[in-house]
Amino acid sequence: MSEFTVISIEETADGIAFAKLKNGDDLSLASNGVARYNGSLFKDYSDIISHVTLETIFDAMAHEIDSL
């Protein structure tokens, strides 16, 4: 398992998701589209989505709709 493997994810009520990596680093993704790595600006949604397959995006959307 890579040192950059996500080991836990937490979501807050105000739209921020936090991930803890195996190496102890932190990632965060806010509802305003900003991603941070250890508190420093990393990317925005458009950069992130360009690296995610359409299948992953549509699967996530379908899962969300199914849970409504």
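We count residues from 1, following the sequence as given.
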Apply the hydrophobic cluster definition, ILVMFWY joined by side-chain contacts under 4.5 Å directly or through others, and give me every member besides Ile16. Phe18

Hydrophobic cluster mates of Phe4, side-chain heavy atoms under 4.5 angstrom, ILVMFWY only, any path? Val6, Ile9, Leu21, Leu27, Tyr37, Phe42

For [X], give me all partners under side chain to side chain donor-acceptor pair (under 3.5 Å), at least two apart in sequence or on another chain.
| X | answer |
| --- | --- |
| Ser46 | Asp44 |
| Asp59 | none |
| Asn23 | Asp25 |
| Lys20 | Asp26 |

Pairs where residues 9-18 contributes a residue and the test side chain to side chain donor-acceptor pair (under 3.5 Å) is met, not counting sequence neighbours: Thr12-Asp14

Residues in side chain to side chain contact (heavy atoms under 4.5 Å, CB included) contact with Ile65, at least two apart in sequence or another chain: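 Ile65 satisfies side chain to side chain contact (heavy atoms under 4.5 Å, CB included) with no residue once adjacent residues are dropped.
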
Results of side chain to side chain contact (heavy atoms under 4.5 Å, CB included) for Thr53 - residues two or more places apart only: Glu55, Thr56

Are Leu41 and Leu29 linked, directly or through intermediate hydrophobic residues, by side-chain heavy-atom contacts shorter than 4.5 Å (ILVMFWY only)? no

Nearest 0.5 Å, please: how far is CG in Asp66 from CE in Met61?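 Spacing of CE (Met61) from CG (Asp66) equals 13.5 Å.
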
Looking at every heavy atom in both Lys43 and His51, which two are closest together, and how far apart are they?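 Scanning both residues, the minimum pair turns out to be NZ-CE1, 4.1 Å.
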
